[in-house]
J.: 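Got a structure for you, written out below as structure tokens; questions coming shortly.
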Amino acid sequence: MTVLLVAHGTRNPHGVALIGDLAAVMRDRLAERVTVSFVDVLGPNPSEALAGQGPDPVTVVPAFLGRGYHVRRDLPEYLGRRGLPPTRVTDSLGPSGEVVAALADRLHRAGRRAGDAVVLAAAGSSDPTAHRDVESVAAALALVLGAPVEVAFAAPSAKAPQYPAVSDAVARLRRRHARVSVASHLLAPGLFQTRLEHSGADVVAAPLGLHPLIVERACALARNTALVAG
């Protein structure tokens, strides 16, 4: 089995390195070849990465925390180009129980206290499917924490005015709560994580990154492909 891990892409070298590290951990766990591609910002894109894979089927794992535009539109377009090997595309990393549990653990380790107001900080999207996914994660996280969880975006969209900027959500919650904690619904460090850290919250959790549950989810997806395409 050959696995292609597909991420968004970032100019932040730490974010790029994290995706490479996730691929390396998957390679060790699966004892299979695992390569990396990106749908935006930098290359190789999925078409370019697949072009050098040979004729055998490739398992494609979308390293995204929701099923927004990049997963539903960009990725199929890349995979459907002529001359590429057949692909088996898995579900994305999230929404999933592993993501929710990892979010709760990251918050706990960052110092969240009972009674803190909680913001689930996602990257931001105008895609309705992405909105439904992040709302489902927020609802599940609220059950785990036993506290309400509000969704906010690191990069707010005018097409989704219901989701404020993280700093605005923190400021508003601060008027009613002594402390505010932010759960990072991000995979890797970069500009968006920096915005969370500068949001004024008392606690900001780390990105999900190489949390053991995220690694477990990625490897399980690779072993059990859910969709055959191409």
Side-chain angles (χ1 to χ4, degrees), residues 8 10 12 14-15 18 22 63-68 92-218:
H8 181 278
T10 175
N12 184 288
H14 300 293
L18 186 140
L22 176 57
F64 291 83
L65 299 176
R67 297 164 294 186
S92 52
L93 295 177
S96 65
E98 291 91 342
V99 165
V100 173
L103 286 165
D105 185 57
R106 287 285 198 232
L107 272 175
H108 172 74
R109 292 177 182 275
R112 174 195 172 258
R113 300 176 188 172
D116 286 3
V118 179
V119 175
L120 178 65
S125 175
S126 60
D127 186 278
T129 301
H131 298 168
R132 288 192 291 271
D133 282 350
V134 74
E135 290 287 357
S136 73
V137 171
L141 182 61
L143 289 176
V144 172
L145 299 179
V149 174
E150 178 172 320
V151 175
F153 284 170
S157 170
K159 296 181 179 179
Q162 68 272 36
Y163 300 113
V166 176
S167 57
D168 290 343
V170 169
R172 181 169 49 77
L173 289 169
R174 175 80 68 200
R175 293 194 286 268
R176 294 184 282 117
H177 299 269
R179 286 169 46 94
V180 182
S181 290
V182 171
S184 177
H185 192 251
L186 302 172
L187 190 61
L191 173 63
F192 290 167
Q193 180 66 23
T194 299
R195 289 180 181 176
L196 308 193
E197 292 165 359
H198 293 166
S199 67
D202 299 279
V203 168
V204 176
L208 294 176
L210 298 182
H211 191 284
L213 289 170
I214 299 301
V215 173
E216 178 182 313
R217 169 72 171 170

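Since the model is a prediction, treat every value here as computed from it, not as a measurement.
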J.: Could you check R112 against L145 for side chain to side chain contact (heavy atoms under 4.5 Å, CB included), going step by step and ending with a plain yes or no?
T.: CA-CA 10 Å; R112 174 195 172 258; L145 299 179; 3.9 Å; yes
J.: If you measure from CZ on R217 to OG on S92, what distance do you get to the nearest 0.5 Å?
T.: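 It is 7.0 Å, given to the nearest 0.5 Å.
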J.: Considering all heavy atoms of both residues, which atom of A158 and which atom of P161 are nearest to each other, and what is their separation?
T.: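 Closest approach of A158 to P161: O-CD, 3.5 Å.
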J.: Kindly give the heavy-atom pair with the smallest separation between S125 and A160, and that separation in Å.
T.: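 Scanning both residues completely, I find the closest heavy atoms to be O-CB, 3.8 Å.
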J.: Rounded at 0.5 Å granularity, tell me how far OG in S184 sits from CG in L103.
T.: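 These two atoms lie 8.0 Å from each other.
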J.: Using a 4.5 Å cut-off on heavy atoms from C-beta on, say whether the side chain of L187 contacts that of I214.
T.: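 When only atoms from C-beta onward are counted, L187 and I214 do touch, with a gap below 4.5 Å.
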J.: Report the distance from atom CG of D116 to atom CG of L107, rounding to the nearest 0.5 Å.
T.: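 Those atoms lie 9.0 Å apart.
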J.: With R67 as reference, evaluate D133, D127, T129 under the side chain to side chain donor-acceptor pair (under 3.5 Å) test and give the passing residue.
T.: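 Output: one option passes, namely D133.
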J.: Quick one: pull up CG in L208 and CG in L93 and give me the separation to the nearest 0.5 Å.
T.: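 With rounding to 0.5 Å, CG (L208) is 9.0 Å from CG (L93).
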J.: Give, for atom CG of L18 and atom CG of L210, the distance between the pair rounded to the nearest 0.5 Å.
T.: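 Rounded to the nearest 0.5 Å, the CG-CG separation comes to 4.5 Å.
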J.: Would you check, one step at a time, whether the test side chain to side chain contact (heavy atoms under 4.5 Å, CB included) holds for D202 with R174?
T.: CA-CA 10 Å; D202 299 279; R174 175 80 68 200; 2.5 Å; yes
J.: Using modelled atom types and a 3.5 Å cut-off, is there a donor and acceptor pairing between side-chain atoms of Q193 and backbone atoms of A205?
T.: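 Present.
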J.: Which pair of heavy atoms, one from S199 and one from V166, lies closest together, and at what distance?
T.: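 For S199 and V166, the tightest heavy-atom pair comes out as CB-CG1, 3.8 Å.
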J.: Out of the candidates V119, L65, L141, only one should pair with H185 under the side chain to side chain contact (heavy atoms under 4.5 Å, CB included) rule; please name it.
T.: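 Per the side chain to side chain contact (heavy atoms under 4.5 Å, CB included) rule, the option paired with H185 is L65, out of V119, L65, L141.
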J.: Could you grab the distance from atom OH of Y163 to atom CG of L120, nearest 0.5 Å is fine?
T.: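 That separation rounds to 10.0 Å.
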J.: Could you tell me how the ring of F153 sits relative to the ring of H131: parallel (under 30°), tilted (30 to 60°) or perpendicular (over 60°)?
T.: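 The rings of F153 and H131 sit tilted, inter-plane angle from 30° to 60°.
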J.: Quick one: does R195's side chain have a donor or acceptor within less than 3.5 Å of a partner on G190's backbone?
T.: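 No, the answer is negative, given that no donor and acceptor are paired below the 3.5 Å cut-off.
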J.: I would like to know whether V151 and E135 meet side chain to side chain contact (heavy atoms under 4.5 Å, CB included); could you show each step before the answer?
T.: CA-CA 7 Å; V151 175; E135 290 287 357; 4.1 Å; yes
J.: Do side-chain atoms of R106 reach the backbone of P207 as a donor and acceptor pair under 3.5 angstrom?
T.: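 A pair under 3.5 Å: yes.
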J.: Shortest non-hydrogen contact from P164 to P156?
T.: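 Reported closest heavy-atom pair: C-CG, 4.3 Å.
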J.: Got R132 and P95 here, is their nearest side-chain heavy-atom distance under 4.5 Å?
T.: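 Side chain of R132 against side chain of P95, heavy atoms only: no contact under 4.5 Å found.
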J.: Can you name the nearest heavy-atom pair linking A121 to L196, along with the distance?
T.: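 In terms of heavy atoms, the two residues are closest at CB-CD2, 3.5 Å.
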J.: Take L213 and D105 through the test side chain to side chain contact (heavy atoms under 4.5 Å, CB included) and record every step on the way to the result.
T.: CA-CA 10 Å; L213 289 170; D105 185 57; 5.8 Å; no
